[in-house]
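A short write-up of the structure that comes next.
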Amino acid sequence: MFDSEDEEEINETLGQEQQFFILGGSLFSIAFIFIAFGVGWLLGVSPLQHLNWNWTDLFIGIGAAMPMFLFFLISVRVPIQSFQKIKQFLLAELGPRIEHGSILELFILSIFIGLGEEMLFRGVLQSWASQYGILAAIIFTNFLFGIVHSVTRLYVVIATLMGVYLSLLLIFFSPQNLLIPITTHTIYDFLCFVYILRLYRQQVITENSEV
């Protein structure tokens, strides 16, 4: 049995690991921003060329995150083994690392993820590849986007399709504004983080009550 001092030490260690995960994830995502500028420099494409601030596009991006999050909610609830495998992976790998994270920390992490990935994939790669046609640009960009999100084969497919959705958000609105997919990506990730956090905490409570 653990005494109170052992339990405090374990909780402190877990807290430090979780802080490291959030900080490390933020730094990793910031690295994507620098990569976007580097790749953009090599390809002659500025990752900021389609990024403009306005409230209308911000709210469009927020609204566009809702269908993605609804799909996520459905996928974690349906009794299909491949979807449940993804759910269990997220709970096992992500849950313990964000259990004691604050909502603000998760939101900041989500912002960095949205900025980094969208600046690289939509801001640079899609913009550069569009010289070969919009369809080719979408396929090329989101093939790479799916590969980067390799967890399971199904997860790669889902990430690829969500990437296509984000690409279309950039293309379909005129003038193009990278703020829309950045906002959509950020809000989607944030809502998923919060939902996984809620599920994991419920799971921990259930497991402790059964002991």
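Rounded to the nearest 0.5 angstrom, F72 CZ and I86 CD1 are separated by 9.5 Å. Put simply, NZ on K85 and CG on L90 are 12.5 Å apart, with the number rounded to the nearest 0.5 Å.
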Practice item. Evaluate side chain to side chain contact (heavy atoms under 4.5 Å, CB included) for F121 paired with L166, printing each intermediate quantity in order. Key: CA-CA 10 Å; F121 289 98; L166 292 167; over 6 Å; no
Practice item. Go through the steps for T152 and F89 under the test side chain to side chain contact (heavy atoms under 4.5 Å, CB included), then give the verdict. Key: CA-CA 9 Å; T152 66; F89 173 85; 5.9 Å; no
Review point. Would E118 and L170 satisfy side chain to side chain contact (heavy atoms under 4.5 Å, CB included), going step by step from the backbone distance to the final call?
Key: CA-CA 10 Å; E118 292 309 308; L170 179 62; over 6 Å; no
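In plain terms, the two heavy atoms of D57 and N54 that are nearest each other are N-OD1, 2.7 Å.
Side-chain contact check for I171 versus Q126: some heavy-atom pair is nearer than 4.5 Å. Side-chain contact between I138 and L168: present, with at least one pair of heavy atoms (C-beta onward) separated by less than 4.5 Å. Side-chain atoms of L191 and M66, non-hydrogen and from C-beta on, do get closer than 4.5 Å to each other. Within the 4.5 Å cutoff, the side chain of T183 has no heavy atoms near those of the F59 side chain. Between L51 and I182, the closest side-chain pair of non-hydrogen atoms falls below 4.5 Å. Side-chain contact check for K87 versus L91: some heavy-atom pair is nearer than 4.5 Å. Considering only heavy atoms from C-beta on, L48 stays 4.5 Å or farther from L178 through its side chain. Side-chain contact between Y195 and F69 is present, with at least one heavy-atom pair separated by less than 4.5 Å.
For the pair R122 and F145, the cation-pi criterion (under 6.0 Å, within 45° of the ring axis) is fulfilled.
When only modelled atom types and interatomic distance are considered, E117 and H149 share a side-chain donor-acceptor pair under 3.5 Å.
Listed by first and then second residue, the ring pair (Phe, Tyr, Trp, His ring centres under 6.0 Å) pairs that reach into residues 155-184 come to none, sequence neighbours excluded.
For F107, the CZ atom is loosely surrounded, since the number of other residues' heavy atoms within 6.0 Å does not exceed 12. Within a 6.0 Å sphere centred on CH2 of W53, other residues, nucleotides and ligands contribute more than 12 heavy atoms. Applying the 6.0 Å contact sphere to CD of Q202 captures more than 12 heavy atoms from other residues, nucleotides or ligands.
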